[in-house]
Amino acid sequence: MKRFLKWAALGSTAMVLALLAPLGYVETSCRPSIDKDDYKSILPDDKHRDEGRTLMTYPEWHIVHAYEEYAEVVRTGDPHDFSYLSAISGFWGSLCGLSEASGSHGGFSGDIKTTIYTIGVSFTAEMLAKAAYEETVGRVATIIRGEGPSVLDRVSARQALEYSQFLRQVPWYQWDFDKDKSELKAASTDSFRDRERRFALCIEYGVKAGYAKVIESAVGTMAPDALRLNMVVTGISEQDLVDFPETGFIESHQSGIEIETPRYRALTHLLKNMADQGVDFIEIAGNDDILLTVLSEGADLEGSVVSVRRQGFEDYRHLVLTKVPDLSDLLRGLEAKGLTLEHIHDY
């Protein structure tokens, strides 16, 4: 028993160190080296959001993208076809590049870094657990199953797709994991693969449902983040805003008009639509730099902060920093450069 406890303690310690190692690497090897620029905001302080947040929104979106890629992989394949280690390294690798680029944007505050590190460690633990199971028991179950998906393979693939789409605009902990469990149980057959899927996924969904309740309870004690932001634009009048029902006029400035818009995924579609209609952006949330992600068939893109391969889609994601006044021209010229807009990261 003493020998067992000793090895259990050593194993637990090794696991903790493995989960914390990427965090230590980012802290020690990926530090920013440029001081913040001296840009003077047009908008008042109460409408300003820290510019560094445009960089720190990406790690959470990397997780969203990882679930999208997982859903695409299992749509035509099996869970063991997904590279969980690549998803993990993509998270920490992109965070390293963003940390190095953060100096001129005010760096990352301690509370934001704590949040991102917590999310990263949780994501790493989840991916490692799924890899350990799907590469062993899960893979054996697919061999026993034979060619073609089982009933629950198809159900779980659809659930993965719906979950990934949900995450684009809504926090993960608001997803109804209990509903997914019930659906799996109702659709399950007596085949070995379906019984294995029901066992494995019901455990996974149950753990996530419990963790979601903890997170939702903790978030409930915090002040909610703003759902809208302000920006200064030109090339449009107050009357023209009726073409963009998500926006609202605030006031006129010497450099343009101030409007209010939604945030998150809705903002990406709105900014692309406005740019296509000839609107130019002067400043967004009091900032003159913004991060966006674009997709291309090429592995490299000149000027990108980070480039990563997308699993299941066979193309590449590039993280691009641009000046807000250059954003409209960039968006209007993407197609000519063989690029596709994926997401514009607000603050």
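One-based numbering along the sequence shown. Given the structure is predicted, the values throughout are model-derived calculations rather than measurements.
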Roughly how far, to the nearest 0.5 Å, is [atom2] of [Y] from [atom1] of [X]?
X	Y	atom1	atom2	answer
Ile259	Ser252	CD1	OG	12.0 Å
Ser156	Asp78	OG	CG	9.5 Å
Leu55	Thr57	CG	OG1	7.5 Å
Leu291	Tyr347	CG	OH	9.0 Å
Ile284	Leu327	CD1	CG	5.5 Å
Gln159	Asp180	CD	CG	3.5 Å

What residues, two or more places apart in sequence or in another chain, satisfy salt bridge (charged side-chain N to carboxylate O under 4.0 Å, His left out) together with [X]?
X	result
Glu238	none
Lys181	none
Asp240	none

Just jot down the side chain to side chain donor-acceptor pair (under 3.5 Å) partners of [X], sequence neighbours excluded, or say none.
X	result
Tyr84	none
Lys179	none
His269	none
Arg263	Asp225, Asp346

Determine, for [X] against [Y], whether the closest basic-nitrogen to carboxylate-oxygen distance falls under 4.0 angstrom.
X	Y	value
Glu196	Arg145	no
Asp178	Lys208	no
Glu216	Lys213	no
Glu204	Lys130	yes
Glu69	Arg317	yes
Glu100	Arg31	no
Glu162	Arg158	yes

Out of curiosity, does Leu295 fall in the hydrophobic cluster containing Tyr58 (side-chain heavy atoms, cut-off under 4.5 Å, transitive links)? no
Single-linkage hydrophobic cluster, 4.5 Å side-chain cutoff, Leu321 and Ile290 together: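 No, because Leu321 and Ile290 fall into different hydrophobic clusters, even though each may have its own neighbours under 4.5 Å.
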Would you call the rings of Phe123 and Phe91 parallel, tilted or perpendicular if under 30° counts as parallel and over 60° as perpendicular? tilted
For the residue pair [X] and [Y], what are the closest heavy atoms and their distance?
X	Y	result
Ala187	Val155	CB-CG2, 4.1 Å
Val74	Ala157	O-CB, 3.8 Å
Tyr264	Leu227	CE1-CD2, 3.9 Å
Tyr25	Cys96	CE2-SG, 4.0 Å
Phe313	Glu68	CE1-O, 4.1 Å
Leu301	Val294	CD2-CG2, 3.8 Å

When you measure from the side chain of [X] to the backbone N and O of [Y], does any donor-acceptor pair fall under 3.5 Å?
X	Y	answer
Asp153	Ser150	yes
His345	Arg53	no
Ser29	Val26	no
Ser304	Ser307	no
Thr268	Ile344	yes
Arg195	Asp190	yes
Arg228	Glu260	yes
Thr124	Gly120	yes
Asp315	Glu297	no
Glu51	Asp288	yes

Disulfide (SG to SG under 2.5 Å) contacts in which one or both residues fall within residues 288-337, not counting sequence neighbours: none
Run the side chain to side chain donor-acceptor pair (under 3.5 Å) check on Asp300 and His318 step by step: do they pass? CA-CA 8 Å; Asp300 299 310; His318 309 282; over 6 Å; no
Set of side chain to side chain contact (heavy atoms under 4.5 Å, CB included) partners for Arg332, sequence neighbours left out: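 Arg332 satisfies side chain to side chain contact (heavy atoms under 4.5 Å, CB included) with Ala275, Asp276, Asp280, Ser328, Asp329 only.
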Return the set of residues passing side chain to side chain contact (heavy atoms under 4.5 Å, CB included) with Thr136 (not counting sequence neighbours), or none when no residue passes.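 Residues passing side chain to side chain contact (heavy atoms under 4.5 Å, CB included) with Thr136: none at all.
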Which other residues end up in the same hydrophobic cluster as Val140, if Ile, Leu, Val, Met, Phe, Trp and Tyr are linked when side-chain heavy atoms come under 4.5 Å apart?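 Joined to Val140, directly or through intermediates: Ile144, Phe192.
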To which residues is Leu43 joined in a hydrophobic cluster, defined by side-chain heavy-atom contacts under 4.5 Å among Ile, Leu, Val, Met, Phe, Trp and Tyr, whether direct or through other members?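 Tyr39, Ile42, Val232, Ile282, which link up through side-chain heavy atoms under 4.5 Å apart, make up the rest of the cluster.
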More than 12 foreign heavy atoms under 6.0 Å from CZ of Phe244: is that the case here? yes
Any chance NZ of Lys323 has more than 12 other-residue heavy atoms, nucleotides or ligands included, within less than 6.0 Å?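 More than 12 heavy atoms, drawn from other residues, nucleotides or ligands, come within 6.0 Å of this atom.
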Between [Y] and [X], is there a side-chain donor-acceptor contact under 3.5 Å, judged purely by atom types and distance?
X	Y	result
His48	Asn287	yes
Glu27	Tyr117	yes
Glu246	Thr261	no

So, applying ring-ring contact (aromatic ring centres under 6.0 Å, His included) with Phe166, which one of Trp172, Trp175, Phe177 is it?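 Testing each of Trp172, Trp175, Phe177 against Phe166, the sole residue satisfying ring-ring contact (aromatic ring centres under 6.0 Å, His included) is Trp175.
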Go through the steps to decide whether His80 and Glu134 satisfy the test side chain to side chain donor-acceptor pair (under 3.5 Å), and finish with yes or no. CA-CA 5 Å; His80 63 255; Glu134 297 295 356; 5.8 Å; no
